[in-house]
Amino acid sequence: MSAPYVALTDFRSACCYKVATTWEPPQLKYVGYGTWEKVPTDAEGFVGPWYAATPDNLTNLWPLDRASGSFRGYVVGAVGPDETGGGYLDRLRSFSAPIEIKVGGTGQIVSGRIGTIVMPYYTSTRPGTLAFETLPLGPVDLSASSGASPGKLAGSLASVGGLDADLDAGSFEAQYFGRSGEVGYELAGRFRFRTSNGLIAIGSFGAQFVP
């Protein structure tokens, strides 16, 4: 596409291109999530994450009769060089990764992890063939959250450690989505982080309760 344009991607009903996946993307009922782009001219552009309830969503509560649980899904976003332009990447790239979030009996996020982040690209040797490059960043952990349903939960992101780049800073927000009979069935949110090798990333996620 050429400027000017506005684009929005929705991964509510995503499918996996890779054959070997950590788990299949959930087909979400009550929330959509993705990224947006706004490019007014060839010289500037903006990108961000979003998540929003679908018309089927009736409540943002956590069910008080549920002792605890896990949510599994995927994150999508964009990553690129920071303001100094000296990062690992020379341009903005899209990415995805699996995410698992564990919650306690009151609905607070106890812990979570964003797995291996991969960036898609088309190969030059086989035109039209999609391949994946791994971002050299270790798994990213979600901290215990503050806040309470039906409002938004919030917390920080941290690197697990290892030989790859670390996070300099990161934060997330999340909210439950559902309806009568499936209260708190889905969890979605957005996040951002900076890395020690000069990158800024934004993203959103959608996950579904795992019995």
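These values consider heavy atoms only, across backbone and side chains, with no hydrogens, waters or symmetry-generated copies. Since the structure is predicted, the reported quantities are computational estimates derived from the model, not experimental observations.
With rounding to the nearest 0.5 Å, the separation of CZ in Arg93 from CD1 in Ile117 is 12.5 Å. Considering CG of Leu153 and CG of Asn60, their distance stands at 10.5 Å, rounded to 0.5 Å. For the atom pair CG (Leu135) and CG (Asn197), the distance works out to 7.0 Å, reported to the nearest 0.5 Å. Here Leu89 contributes atom CG and Met119 contributes atom CE; the two are 5.0 Å apart, rounded to the nearest 0.5 Å. With rounding to the nearest 0.5 angstrom, the CG atom of Leu142 is 8.5 Å from the OG atom of Ser111. To the nearest 0.5 angstrom, Asp166 atom CG is 8.0 Å from Leu137 atom CG.
Checked against Tyr51 for a side chain to side chain donor-acceptor pair (under 3.5 Å), the options Glu173, Gln175, Arg190 give a single hit: Glu173.
Between Ser96 and Val118 the shortest side-chain heavy-atom distance falls below 4.5 Å. Residues Tyr74 and Phe11 are not in side-chain contact: their nearest non-hydrogen atoms beyond the backbone lie 4.5 Å or more apart. Here the side chains of Tyr33 and Pro49 are not in contact, with every heavy-atom distance at 4.5 Å or above.
Using cut-offs of 30° and 60° on the angle between ring planes, the pair Phe193 and Phe95 is tilted.
Around atom CZ of Arg192, no more than 12 heavy atoms belonging to other residues, nucleotides or ligands sit under 6.0 Å away. Taking a 6.0 Å sphere around CG of Leu8, one finds it holds more than 12 heavy atoms contributed by other residues, nucleotides or ligands.
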**Q.** side-chain contact (heavy atoms from CB on, under 4.5 Å) between Thr59 and Tyr30, intermediate numbers included
**A.** CA-CA 9 Å; Thr59 178; Tyr30 307 117; over 6 Å; no
Q. Would Phe205 and Ile114 count as a side-chain contact (heavy atoms from CB on, under 4.5 Å) if you check the C-alpha gap in whole Å, the side-chain angles of each, and the deciding distance to 0.1 Å?
A. CA-CA 10 Å; Phe205 61 88; Ile114 298 173; over 6 Å; no
Q.
With side-chain contact (heavy atoms from CB on, under 4.5 Å) as the criterion, how do Trp62 and Gln108 come out once you've worked through the C-alpha distance, each side chain's angles and the decisive distance to 0.1 Å?
A. CA-CA 9 Å; Trp62 168 259; Gln108 290 291 331; over 6 Å; no
(Q) Does Arg12 form a salt bridge (Lys or Arg N to Asp or Glu O under 4.0 Å) with Glu186? I'd like the steps, not just the answer. (A) CA-CA 11 Å; Arg12 174 188 175 192; Glu186 294 172 353; over 6 Å; no
Q) How far apart are the C-alpha atoms of Thr9 and Glu37, what are their side-chain angles, what is the distance that settles it, and do they pass the side-chain contact (heavy atoms from CB on, under 4.5 Å) test? A) CA-CA 9 Å; Thr9 57; Glu37 296 177 65; 5.8 Å; no
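Note on Ile202 and Leu92: same hydrophobic cluster, where clusters join Ile, Leu, Val, Met, Phe, Trp and Tyr whose side-chain heavy atoms are under 4.5 Å apart, directly or indirectly. By the rule that hydrophobic residues join a cluster once side-chain heavy atoms approach within less than 4.5 Å of another member, Tyr122 and Phe132 end up as members of one cluster. Side-chain heavy atoms closer than 4.5 Å link hydrophobic residues (I, L, V, M, F, W, Y) into clusters, and following such links, even through other members, never connects Val183 to Leu187.
Phe71 is linked by a ring-ring contact (aromatic ring centres under 6.0 Å, His included) to Tyr176, Phe209, counting only residues two or more places apart in sequence or in another chain.
Considering all non-hydrogen atoms of both residues, Glu100 and Trp23 come closest at CB-CH2, 3.8 Å. Val31 and Thr54 make their closest contact through N-CG2, 3.5 Å (heavy atoms, listed as atom of the first residue, atom of the second, distance). Taking both residues in full, the closest heavy atoms of Ala165 and Ser159 are given as O-OG, 4.4 Å, listed atom of the first, atom of the second, then distance. Pro26 and Gly206 get closest at one heavy-atom pair: CG-O, 4.2 Å. Of all the heavy atoms in Val140 and Leu157, the pair that sits closest is CG1-CB, 3.9 Å. The two residues Ala14 and Pro25 make their nearest non-hydrogen contact at O-CB, 3.8 Å.
Between the side chain of Thr35 and the backbone N or O of Gly77 there is no donor-acceptor pair closer than 3.5 Å. The closest donor-acceptor contact from the side chain of Asp141 to the backbone of Arg113 lies at 3.5 Å or more, if one exists at all. Put simply, the side chain of Arg66 gets close to the backbone of Gly184: a donor and an acceptor are under 3.5 Å apart.
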